[in-house]
Protein chains: 2
Amino acid sequence: MFDPVCPSDLSPIRIGDKWAGMIIRCLEDGPRRFSELRVPLRRVTAKVLTQSLRALERDGLVVRRVRTGGVRHVEYELTPLGRSLLGPLDVACAWAEAHWEQLLDARESASP
Amino acid sequence: MFDPVCPSDLSPIRIGDKWAGMIIRCLEDGPRRFSELRVPLRRVTAKVLTQSLRALERDGLVVRRVRTGGVRHVEYELTPLGRSLLGPLDVACAWAEAHWEQLLDARESASP
DNA sequence: CCGGATCCCACAAGATACTG
DNA sequence: CAGTATCTTGTGGGATCCGG
């Protein structure tokens, strides 16, 4: 999913904006810092990542927590509502994995 | 889902473009003609509906069949691949129905 | 370390009018 | 009936630079 080769953006099923699905995946095992999120999400600029996180926060799917002890330290964590999306997310991933070859075949026979 | 009041576009889960989910729903009980689709999808212009249908066709989710017998007659039908999306679609609808109140609460407490 | 400010572009989506 | 043709607008996503 985080591999540029992996065609997760080819799937017709989307959760939130372009990166929200992957962000939620990154948070499923517990809170992560902003810079920790940037490691698997290398291809996202800081601004866009912030935008996505803010959108998730507005919808109550994620909480933002600022630890101001000496060094700046911001954590993001899934709320219960955010966790409730993990089920649908699994369904979406399973569908994509099962059918992406058919999708590719259909597209290339449609536009040679 | 087709009611303007129903907040299906509020859900973070989306299938295809803006109208694809509803189109697939309209086709789940069998083939439908273009003008039949326009009845429940009153708020979609013909152009946009055509665009969505063409996109679904390119991805192999829908087949377009022209019956040229006197009057023009075009039918759209789900392919097996398209039908395989009905499961994920149900999951998405179930999630939205179960959580849209929480979503609304989160949004209004975020931006008063 | 975690962003905000600014500028930019591509593309989705709609309004409107017209057609084989 | 089932679309096309044009035009316009809005917005998501990105590049780059700047700041507490």
Measure the spacing between [atom1] of [X] and [atom2] of [Y] and express it to the nearest 0.5 Å.
X     : Y     : atom1 : atom2 : result
A/L53 : A/I23 : CG    : CD1   : 4.5 Å
B/R14 : A/R14 : CZ    : CZ    : 9.0 Å
A/I24 : A/R83 : CD1   : CZ    : 10.5 Å
A/W19 : A/R43 : CH2   : CZ    : 4.5 Å
A/H73 : A/T68 : NE2   : OG1   : 11.0 Å
B/T79 : B/L81 : OG1   : CG    : 5.0 Å

Q) Checking salt bridge (charged side-chain N to carboxylate O under 4.0 Å, His left out) for the pair B/R25/B/D90: CA distance, chi angles, key distance, verdict? A) CA-CA 10 Å; B/R25 269 286 180 245; B/D90 285 339; 2.6 Å; yes
Over how many whole Å does the gap from [X] atom [atom1] to [N] atom [atom2] extend?
X     : N      : atom1 : atom2 : value
B/R38 : C/dG14 : CZ    : P     : 12 Å
A/K47 : C/dC9  : NZ    : P     : 14 Å
A/L37 : C/dC2  : CG    : C1'   : 12 Å
A/R54 : C/dA5  : CZ    : P     : 11 Å
A/L49 : C/dG4  : CG    : P     : 11 Å

Q) Can B/S11 and B/W95 be counted as having a side-chain donor-acceptor contact under 3.5 angstrom? A)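 No, no side-chain donor-acceptor contact under 3.5 Å.
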Q. Which of these nucleotides, C/dG3, C/dA13, C/dC7, is closest to any side-chain atom of A/T50?
A.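 Closest of the options to the side chain of A/T50: C/dG3.
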Q.
Need one value for B/R64: base, sugar-phosphate or nothing, where a base atom within 4.0 Å counts as base even if backbone is also close, heavy atoms only.
A.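 Sugar-phosphate contact only.
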Q: Mind checking A/V48 for me? I need base, sugar-phosphate or nothing, with any heavy atom below 4.0 Å counting as a touch.
A: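 Answer is base: heavy atoms of A/V48 come under 4.0 Å of a base.
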(Q) Judged by each residue's nearest nucleotide on DNA chain D, which is more toward the 5′ side, A/R14 or A/R72? (A)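 Of the two residues, A/R14 wins.
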Q. Pick the nucleotide of DNA chain C nearest each of A/L53 and B/Q51; which residue has the one closer to the 5' end?
A.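 Residue closer to the 5' terminus by nearest nucleotide: A/L53.
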Q | chain A footprint on DNA chain D, 5' to 3' - any atom under 4.0 Å from a heavy atom | A |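 So the outermost contacting nucleotides come out as D/dG13 to D/dG20.
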Q: State yes or no: do B/V91 and A/I15 share one hydrophobic cluster built from I, L, V, M, F, W and Y residues joined by side-chain heavy-atom distances below 4.5 Å, directly or via other members?
A: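 Looking at the clustering, A/I15 is in a separate group from B/V91.
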Q) Using the C1' atoms of five pairs at each end, what's the angle between the two axes of the helix from C/dC1-D/dG20 to C/dG20-D/dC1, to 10 degrees? A)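 Both end axes considered, the difference amounts to 50°.
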